[in-house]
S.K.: 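I'd like to ask you about the structure that follows.
It should be emphasised that the depicted structure is a prediction, and the values quoted were computed from it without experimental measurement. Lettering of chains follows the sequences in order, A, B, ..., and the numbering in each one begins at 1.
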Protein chains: 2
Amino acid sequence: MADAEYVNIWMRPERPARGPKPAYSRAQITEAAVRIADAEGLEAATMRRIAAEIGAGAMSLYRYVPGRDELIQLMADRLMGEIDVEGMPSGDWRADLTRYAHGLRAMWLRHPWIATVHRALPGLGPQQLRLIEAVMGVLDAHLPIDENLGLMAVLNGFVEGAARDEVSWTEEVRRSGVSEEEWQARNYPYVRHLLESGEYPIFGRIALEARGPRLGRDEQFRIGLERVLDCIAAALPPEARA
Amino acid sequence: MADAEYVNIWMRPERPARGPKPAYSRAQITEAAVRIADAEGLEAATMRRIAAEIGAGAMSLYRYVPGRDELIQLMADRLMGEIDVEGMPSGDWRADLTRYAHGLRAMWLRHPWIATVHRALPGLGPQQLRLIEAVMGVLDAHLPIDENLGLMAVLNGFVEGAARDEVSWTEEVRRSGVSEEEWQARNYPYVRHLLESGEYPIFGRIALEARGPRLGRDEQFRIGLERVLDCIAAALPPEARA
DNA sequence: CCTCGACTGAGTACGTTGTACGCGGTCATG
DNA sequence: CATGACCGCGTACAACGTACTCAGTCGAGG
């Protein structure tokens, strides 16, 4: 019951007032966990492994964090802190949202395991709140709050969806241990089987005609993002579009 | 090595040619697993639990499926089969995409655990392929394939993003065992703490002014979807917009 | 300055998971 | 009809999250 009295990892004080000085810190533990997850995936960031990384006993971590779920919340919020939204709103909404979108995507690509974190709910950690303030502040002067929320849902949906697609490649490659080219080669028989069946003409055109090496992923994202920003522009009052 | 020769769960034949009649089937196992995941979450769908559900021994499942990951792929593809895209393209692209979007969202809400399935990659299971053919077929006559893919990324990103938000509520409620109102009440101290700190003015406006009970989630989704469809309309050649 | 209790990091242990292995029985094929 | 491939299943193991416990240590009250 003593555990249940805090509703949140954010409300739970890191350290009690009395007692010996702790040897580690939440930030240090979170950092180590992120390092492991970056290198070997979230499933490799077990409590034992994280503890070993900082030179502690496995059970020591539970002095700092109630459980693994909460530690993952700390990790996720730490990642939000990597996104640069300094100086927003700058007055140029399109530049601001472009910078945010590219920053969010880049963060996802640096930490692909973020795709496997679900629970998050309205995370509402300090870094996530910082992001909300900065990004929603960009259009706040021009739009009612509900409109703003709706547009941000479209923007975030696009960026996260795109990032999720790219990341599932990265993760598949890491997990299976074969390169992307190797993977493609391995899957070739299946794709050919689908093409030859003749039942999937549009998939066939996707596989044979679309994107491929013509457009890099970066370029493709940029184009998609411009389209989304055009939609946002259309929803703004005319005097705010510049 | 005998396992590695199939690149895919979809390429691996369900049954070898010879030998006694099997007592179960992939479809039956998948069905049971989905039933359990719907009721108690994906993490409750363990191999033992699924086997018990159909009255089999735990290890029997491995005769039908190489491992748990592949079974989850089967489950995910089964879910895609629930989405009604019959008769697409009908000639009215906006009606078609609206039906698809609502169907996709409804499927997510029926099976919230889909949010926790990551690997999926380009799933390319039969049901997913069926969906690709139908949905991309809607705009196929009006757009080059790359444009079509880009627009579908925006649409899917919006629907899945919105569904993911709603679903994380559902899942949190199920996992914690308390109702949404109860959860809100429990979190109230934290939200008040944030509001009183004065550091998060926009979050404050979101909490106090926005949506709330004024708009149901359905209505909010409908509005957002209309906006996305307007964007798609703007990208179509003029003669196709009607 | 002393005392004492709250708090420390760590070790051990338990229950649950996915799944490797091997068994005796069974049925389609030669 | 003989045979061997395949059936479902029981046992076993390693790895996980974490509950419990304990000797040592720091800091506040007298």
S.K.: What is the separation between atom CG on A:L61 and atom P on C:dG11, rounded to the nearest whole Å?
M.R.: 13 Å

S.K.: Please check if the side chain of A:D77 supplies one atom and the backbone of A:Q128 the other of a donor-acceptor pair under 3.5 Å.
M.R.: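 Yes.
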
S.K.: Out of D:dG17, D:dA19, D:dG8, which nucleotide sits closest to the side chain of A:M59?
M.R.: D:dA19

S.K.: Taking salt bridge (charged side-chain N to carboxylate O under 4.0 Å, His left out) as the definition, give me every residue that meets it alongside A:R174, ordered by chain and number, with sequence neighbours left out.
M.R.: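 With sequence neighbours excluded, A:R174 shows a salt bridge (charged side-chain N to carboxylate O under 4.0 Å, His left out) to A:E43, A:E171, given in chain and number order.
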
S.K.: Say whether, by atom type as modelled, one donor and one acceptor occur between the side chain of A:R68 and the main chain of A:T46 under 3.5 angstrom.
M.R.: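 Absent.
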
S.K.: Residues from residues 31-44 of chain B sitting under 4.0 Å of DNA chain C, heavy atoms only?
M.R.: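 Close to the strand, none.
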
S.K.: Within the 4.0 Å heavy-atom criterion, would you say A:T46 contacts the bases, only the backbone, or no part of the nucleic acid?
M.R.: sugar-phosphate

S.K.: Looking at residues 47-57 of chain A, who's got a heavy atom less than 4.0 Å off DNA chain D?
M.R.: A:M47, A:R48

S.K.: Hey, are B:R130 and B:Q127 close enough side-chain-wise for a donor-acceptor pair under 3.5 Å?
M.R.: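 On atom types as modelled, these side chains qualify, holding a pair under 3.5 Å.
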
S.K.: To the nearest 10 degrees, what angle separates the axes at the start and end of the helix from C:dC1-D:dG30 to C:dG30-D:dC1, five pairs each?
M.R.: 10°

S.K.: Report the residues that fulfil side chain to side chain donor-acceptor pair (under 3.5 Å) with B:H102, sequence neighbours left out, ordered by chain and then residue number.
M.R.: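 Side chain to side chain donor-acceptor pair (under 3.5 Å) list for B:H102, sorted by chain: empty.
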
S.K.: Starting at OH of B:Y24 and ending at C1' of D:dC6, how long is that distance when rounded to a whole Å?
M.R.: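 Spelled out: OH on B:Y24 to C1' on D:dC6 is 15 Å.
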
S.K.: Any pair with a residue in residues 51-60 of chain B that passes salt bridge (Lys or Arg N to Asp or Glu O under 4.0 Å), sequence neighbours left out, goes on the list, sorted by first then second residue, please.
M.R.: B:R35-B:E53, B:R49-B:E53

S.K.: List in chain and number order the residues that pass salt bridge (charged side-chain N to carboxylate O under 4.0 Å, His left out) with A:D38, two or more places apart in sequence or in another chain; answer none if no residue qualifies.
M.R.: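 Scan of A:D38 (salt bridge (charged side-chain N to carboxylate O under 4.0 Å, His left out), adjacent residues dropped) gives none.
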
S.K.: Using salt bridge (charged side-chain N to carboxylate O under 4.0 Å, His left out) as the criterion, list what pairs up with B:R78, not counting sequence neighbours.
M.R.: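 Result, salt bridge (charged side-chain N to carboxylate O under 4.0 Å, His left out) vs B:R78: B:E31, B:E82.
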
S.K.: Considering only nitrogen or oxygen atoms on both sides, find all protein atoms under 3.5 Å from nucleotides 21-23 of chain D and state each distance.
M.R.:
none

S.K.: Check B:G55 against B:Y24 and note the closest heavy-atom contact, atom names and distance.
M.R.: O-OH, 3.4 Å

S.K.: Kindly write out the residues that satisfy side chain to side chain donor-acceptor pair (under 3.5 Å) with A:E199, not counting sequence neighbours, or none if the list is empty.
M.R.: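 Not a single residue meets the side chain to side chain donor-acceptor pair (under 3.5 Å) criterion with A:E199.
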
S.K.: D:dA15 P sits how many Å from A:R68 CZ, rounded?
M.R.: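 Whole-Å distance recorded here is 16 Å.
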
S.K.: Can you tell me how far P of C:dC21 sits from OH of B:Y62, to the nearest Å?
M.R.: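 Checked: the OH to P distance equals 13 Å.
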
S.K.: Who are the ring-ring contact (aromatic ring centres under 6.0 Å, His included) partners of A:F203, not counting sequence neighbours?
M.R.: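 By the ring-ring contact (aromatic ring centres under 6.0 Å, His included) rule, A:F203 matches no residue at all.
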
S.K.: Parallel, tilted or perpendicular: which one describes the rings of A:W183 and A:W169, with boundaries at 30° and 60°?
M.R.: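 Rings of A:W183 and A:W169: perpendicular, over 60°.
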
S.K.: Mind checking salt bridge (charged side-chain N to carboxylate O under 4.0 Å, His left out) for A:E182 and listing every partner two or more places apart, or none if nothing turns up?
M.R.: A:R186

